[in-house]
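Inspection log for the structure reproduced underneath, given as structure tokens.
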Amino acid sequence: MHGLFNYDGVFVQTMNRIADAICLSILWLVGSLPVFTIGASTCAMYSVMMKLLRGKDPTVWTAFFRAFGQNFKQATYIFLLFLI
């Protein structure tokens with residue numbers, strides 16, 4: 001089946017990438033609501049986006065929160081230095 005909505009087709013793959021980018025943007029926005037977590041949220045967004053661009057196809061939600069937790073302390077310190 002070589003239709004427009006074939007799961008392996010270009011259209012569906014492109015829509016999946018767009019949906020991943022939208023979900024990642026929403027996660028970044030929610031993660032940045034407390035101002036001091038903007039650094040950790042940005043670091044997590046960058047990490048997940050690089051995985052997506054390299055073709056590793058992680059689950060956006062779990063990869064974001066895993067990267068957020070792993071980089072929270074270091075990214076928050078760096079962001080607070082930039083904020084000052």
Side-chain angles (χ1 to χ4, degrees):
M1 184 171 171
H2 298 287
L4 179 64
F5 297 108
N6 186 11
Y7 185 72
D8 294 329
V10 176
F11 178 73
V12 173
Q13 293 297 325
T14 303
M15 289 294 122
N16 283 338
R17 294 287 180 162
I18 291 171
D20 286 343
I22 291 171
C23 288
L24 195 55
S25 298
I26 291 170
L27 285 171
W28 178 83
L29 183 66
V30 170
S32 298
L33 285 179
V35 175
F36 67 92
T37 61
I38 290 175
S41 185
T42 302
C43 184
M45 181 184 70
Y46 180 77
S47 173
V48 174
M49 188 57 77
M50 290 305 293
K51 287 179 184 177
L52 285 172
L53 291 175
R54 289 182 184 143
K56 295 182 181 179
D57 289 331
T59 305
V60 174
W61 298 88
T62 57
F64 181 84
F65 288 117
R66 184 177 298 129
F68 188 87
Q70 288 174 348
N71 300 314
F72 180 78
K73 190 174 186 180
Q74 182 180 11
T76 302
Y77 288 149
I78 292 171
F79 176 71
L80 289 176
L81 285 174
F82 283 134
L83 192 63
I84 292 173

If you group Ile, Leu, Val, Met, Phe, Trp and Tyr by side-chain heavy-atom gaps below 4.5 Å, do [X] and [Y] land in one group?
X: Ile38; Y: Phe36; result: yes
X: Trp61; Y: Val30; result: no
X: Met45; Y: Ile26; result: no
X: Leu80; Y: Ile78; result: no
X: Met15; Y: Leu53; result: no

Next item on the list: Answer yes or no: are there more than 12 heavy-atom neighbours, outside Gln74 itself, under 6.0 Å from its atom CD?
Entry: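 No, CD of Gln74 has 12 or fewer neighbouring heavy atoms, counting only those of other groups under 6.0 Å.
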Check: What pairs with Ala44 under side chain to side chain contact (heavy atoms under 4.5 Å, CB included), at least two apart in sequence or on another chain?
Finding: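 Expected list: Phe64, Ala67, Phe68.
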Margin query: So, using ring-ring contact (aromatic ring centres under 6.0 Å, His included) as the criterion, who are the partners of Tyr77 when residues are at least two apart?
Written below: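 For Tyr77 there are no ring-ring contact (aromatic ring centres under 6.0 Å, His included) partners, ignoring immediate neighbours.
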Next item on the list: For Ser47 and Cys43, indicate whether the former's side chain and the latter's backbone hold a donor-acceptor pair under 3.5 Å.
Entry: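 Not confirmed, Ser47 side chain does not pair with Cys43 backbone.
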Note to self: Measuring only between side-chain heavy atoms, which start at C-beta, is Phe72 closer than 4.5 Å to Thr37?
What the structure shows: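 Phe72 reaches Thr37 side chain to side chain.
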Checklist line | Heavy-atom pair of closest approach, residues Thr76 and Ala40 | finding: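 Heavy-atom minimum between the residues: OG1-CB, 4.2 Å.
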Item checked: CG-OG distance between Leu27 and Ser32, expressed to the nearest 0.5 angstrom ->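 Those atoms lie 10.5 Å apart.
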Checklist line | Selection residues 14-28 - residue pairs positive for salt bridge (charged side-chain N to carboxylate O under 4.0 Å, His left out), sequence neighbours left out | finding: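 Listed by first then second residue: Arg17-Asp57.
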